[in-house]
Amino acid sequence: GRGDRDAALAAYREEFTRHDDAYKAVFNAARLLQQRRSPEARALFERAVTINSRFAEGHFYLAQAKLAAGDTAGAAASATCRSRSLCTAN
């Protein structure tokens, strides 16, 4: 239920607060927030792909978040990113 999701979100936040390179925890928190339609999800997806620019699943969900916000150009750029060196925008 919601309590389980809240507990999971708190655990993910604690993990990425303690470890700057915990892109999976950042990503998992973003997925939970995305399910709630929280605008914070996009910022966390951006953080996850900044930590690990080769994290394809992170780029995919970032593209979805950008598209949902009406940023079609940003969504297209995120969807095609494979590594930070190939990305011109997040």
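No experiment lies behind these values; they were computed from the predicted model shown.
- Atom CG of residue Leu62 and atom CG of residue Leu44 lie 11.0 Å apart, to the nearest 0.5 angstrom.
- Partners of Glu57 by salt bridge (charged side-chain N to carboxylate O under 4.0 Å, His left out), not counting sequence neighbours: none found.
- With rounding to the nearest 0.5 Å, the separation of CG in Asn52 from OH in Tyr23 is 4.5 Å.
- A distance of 11.0 Å separates OG of Ser78 from CD of Gln64, quoted to the nearest 0.5 Å.
- Across Ala63 and Ala79, no two heavy atoms sit closer than the pair CB-N, 3.7 Å.
- Atom OG1 in Thr50 sits 13.0 Å away from atom CZ in Phe45 (nearest 0.5 Å).
- Looking at every heavy atom in both residues, Ala30 comes nearest to Ala41 through O-CB, 3.5 Å.
- Note: Phe55 and Phe27 have perpendicular aromatic rings, judged against thresholds of 30 and 60 degrees for the angle between ring planes.
- Hydrophobic clustering of Ile, Leu, Val, Met, Phe, Trp and Tyr side chains at less than 4.5 Å, counting indirect connections, keeps Leu67 apart from Leu33.
- Taking NE2 of His59 as the reference point, atom CZ of Arg54 lies at 9.5 Å (rounded to 0.5 Å).
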